[in-house]
Colleague: 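Input: one structure, supplied below.
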There are 2 protein chains.
Amino acid sequence: MAVRVLIVDDDKNINKLLKLYLEKAGYETECVFDGRAALTAFGRFEPALVLLDIMLPNIDGWDVCAEIRKLSDVPIIMLTARGETVDKIRGLELGADDYVTKPFDSKELLARVKAVLRRKQAPDEDEIVRYDNLSVNITRYETKVNDRLIEMPPRELELLYYLMSNPNRAFTRDQLLDGVWGMDFEGDARTVDVHIKRLRDKLNGLSEHWNIQTVWRVGYRFEMKA
Amino acid sequence: MAVRVLIVDDDKNINKLLKLYLEKAGYETECVFDGRAALTAFGRFEPALVLLDIMLPNIDGWDVCAEIRKLSDVPIIMLTARGETVDKIRGLELGADDYVTKPFDSKELLARVKAVLRRKQAPDEDEIVRYDNLSVNITRYETKVNDRLIEMPPRELELLYYLMSNPNRAFTRDQLLDGVWGMDFEGDARTVDVHIKRLRDKLNGLSEHWNIQTVWRVGYRFEMKA
DNA sequence: GACGCGTGTTCACAATTTGTTCACATTTGT
DNA sequence: ACAAATGTGAACAAATTGTGAACACGCGTC
């Protein structure tokens, strides 16, 4: 499944050239020649990247850019003719990601395309649960107490994260197995106990304000003490 | 992705003022106060423009200009005190691009900066990730440690770049395959391991402040040690 | 087209870490 | 006190990663 690129340029030669370059580089392309067509094609084709000329019939590039931005944060590279005054501020406000001046060579263009695609997949924020002096970062797989790293195996960390994500809630062993180990775990429920013990060994006495509590005949819970 | 400007002036007030103006205008700046510092900063900071005072401790502006010209054709604007005799011929020979007489006002300065960048066809900035003594330039496909080139194949470089672009984040092998190899990679996830090993072989022991860490049952991450 | 060369990928096996189970001790509730 | 549930340490099993070498592939050269 190749990455799809929508090419919007009223100059048919440039359009063709772009198509050639990109398809040779393994991208899937669709070409349109005016602003209105760009918008309808955008909805249908769902490109991962848009190459957008500024000077267009119907609706100009800026407006197309703005419309697309209302729908999606797909990367957009604006195409400008040499000599055309490029108002980069305006482009920035409208959400363009890069500019390429015509005429361009294939190498530079492809480099820009790759760069923009790379830049856009900015991974999201870390997922962290905290309470008091304890924080568990499931994105980095780091546990900290008072900003000191507490080393632990992934499963323990996941278990702690799971408990902390619903503080004070009592989880049965089966719930924990389902939530942390996955539905398909076939083993002994006592496995949970061992992991709990190891967590306790690591976290024991590090705070007065929380602990991992046993709930008899039920399971365990992460207790927050007011 | 701001344009980087290196400011070289021994007068701390002027330096500060320039920094203020430029950063307000969206440039990224670095300030140094003598010629020697200018040259080392130039290598590390890789500015898109240099503002260079002529009267400097250590190495004077002309010589700094000449040294920089041996390395790069980055635009250089010379700063001269009013009344200072400006040997424009000499400047021309050395490759300076413009002169600004102190004191200057912000508007004029910014106009000159923009003009010079435009004239130089402002080659778009490289995309670089750095940490401590390590930098990876994905535009040039160059990796440096302490400004020394570390040769490595493109895939390894891309992998390193990807890891470094989110330091400390644990990536699963699948995430790395998607991000570096592309969604359409059909091969074995263990491929990542081999590239990691080769990276480690190359980077091993080059710094105490970072390394590539295994996150068990998860994947790998580029660890920055505070 | 044949040939090397540098890369990228896969594979097999070793090394390591983690996950699980077990047996027995201890605690809890009735 | 008794049965059931949980705590605990150690042994064991399984999964994961490290590693060297072989293989495959594209690319430019001859």
Colleague: Calculate the interatomic distance between Ile196(A) atom CD1 and dG7(D) atom P; express it in whole Å.
Modeller: 8 Å
Colleague: Considering only heavy atoms, which members of residues 171-181 of chain A lie under 4.0 Å from some atom of DNA chain C?
Modeller: Trp181(A)
Colleague: For the pair made of NZ in Lys202(A) and P in dG7(D), what is the distance, rounded to whole Å?
Modeller: 16 Å
Colleague: When the nearest nucleotide of DNA chain C is assigned to Met152(B) and to Glu186(B) on a heavy-atom basis, which residue is associated with the more 5' position?
Modeller: Met152(B)
Colleague: Taking any heavy-atom pair under 4.0 Å as a contact, classify Val192(B): base, sugar-phosphate, or nothing.
Modeller: nothing
Colleague: Is it the case that Arg118(A) places NZ or CZ above or below the six-membered ring of Tyr161(B), under 6.0 angstrom from the centre and within 45 degrees of the axis?
Modeller: yes
Colleague: With sequence neighbours left out, write down each residue that passes salt bridge (charged side-chain N to carboxylate O under 4.0 Å, His left out) with Lys202(B), or none if nothing qualifies.
Modeller: Glu156(B)
Colleague: Output all residues satisfying salt bridge (charged side-chain N to carboxylate O under 4.0 Å, His left out) with Asp147(A), sequence neighbours left out; order by chain, then residue number.
Modeller: none
Colleague: Take the C1' atoms of the five end pairs on each side of the helix from dG1(C)-dC30(D) to dT30(C)-dA1(D), derive the two axes, and give their angle rounded to 10 degrees.
Modeller: 40°
Colleague: Rounded to whole Å, please give me the gap between OH in Tyr141(A) and C1' in dT16(D).
Modeller: 14 Å
Colleague: Charged N to carboxylate O below 4.0 Å: is that the case for Asp201(A) and Arg198(A)?
Modeller: no
Colleague: Base, sugar-phosphate, or nothing: which does Thr191(B) touch, judged by heavy atoms less than 4.0 Å apart?
Modeller: base
Colleague: Check the distance between dG18(D)'s C1' and Gln213(B)'s CD and give it to me in whole angstrom.
Modeller: 15 Å
Colleague: For the pair Glu142(A) and Arg221(B), find out whether any cationic side-chain nitrogen is under 4.0 Å from an anionic carboxylate oxygen.
Modeller: yes
Colleague: Check this for me, if you would: do Lys225(B) and Asp132(B) make a salt bridge, where the nitrogen-to-carboxylate-oxygen distance has to be below 4.0 angstrom?
Modeller: no
Colleague: Using atom CG of Asp188(A) as one end and atom P of dG7(D) as the other, report the distance to the nearest whole Å.
Modeller: 14 Å
Colleague: Taking Arg148(B)'s backbone N and O only, do any of them form a donor-acceptor pair with Asn146(B)'s side chain (distance below 3.5 Å, no angle check)?
Modeller: no
Colleague: According to a strict under-4.0 Å criterion, is Arg217(B) in side-chain N/O contact with OP1 or OP2 of dG19(C)?
Modeller: yes
Colleague: Think Thr214(A) has a side-chain N or O under 4.0 angstrom from the OP1 or OP2 of dA5(D)?
Modeller: no
Colleague: Is any NZ, NE, NH1 or NH2 atom of the basic residue among Lys19(A) and Glu30(A) found under 4.0 Å from an Asp or Glu carboxylate oxygen of the other?
Modeller: no
Colleague: Can you tell me which nucleotide in dT17(D), dT21(C), dT9(C) comes closest to the side chain of Trp216(B)?
Modeller: dT17(D)
Colleague: What residues, two or more places apart in sequence or in another chain, satisfy ring pair (Phe, Tyr, Trp, His ring centres under 6.0 Å) together with Phe222(B)?
Modeller: Trp210(B)
Colleague: When the aromatic ring centroids of Phe171(A) and Tyr162(A) are compared, is their separation below 6.0 Å?
Modeller: yes
Colleague: Output the single nucleotide from dG19(C), dT7(C), dT10(C) whose closest atom is nearest the side chain of Arg155(A).
Modeller: dG19(C)
Colleague: Any salt bridge between Arg169(B) and Asp126(A), counting N to O under 4.0 Å?
Modeller: no
Colleague: For nucleotides 19-29 of chain D, just jot down a letter per nucleotide in 5' to 3' order: B, S or -, based on protein non-hydrogen atoms under 4.0 Å.
Modeller: BSB--------
Colleague: Please state how far atom CG in Leu199(B) lies from atom P in dG8(C), giving the value in whole angstrom units.
Modeller: 11 Å
Colleague: Indicate whether OP1 or OP2 belonging to dT9(C) is found under 4.0 Å from a side-chain N or O atom of His195(B).
Modeller: yes
Colleague: Calculate the interatomic distance between Leu157(A) atom CG and dG19(C) atom P; express it in whole Å.
Modeller: 11 Å
Colleague: Main chain of Ile14(A), side chain of Asp11(A): is a donor-acceptor contact present, judged purely on distance under 3.5 Å?
Modeller: yes
Colleague: OP1 or OP2 of dG7(D) sitting under 4.0 Å from any side-chain N/O of Tyr220(A)?
Modeller: yes
Colleague: Measure from CG on Leu159(B) to P on dG8(C) and round the result to the nearest Å.
Modeller: 11 Å
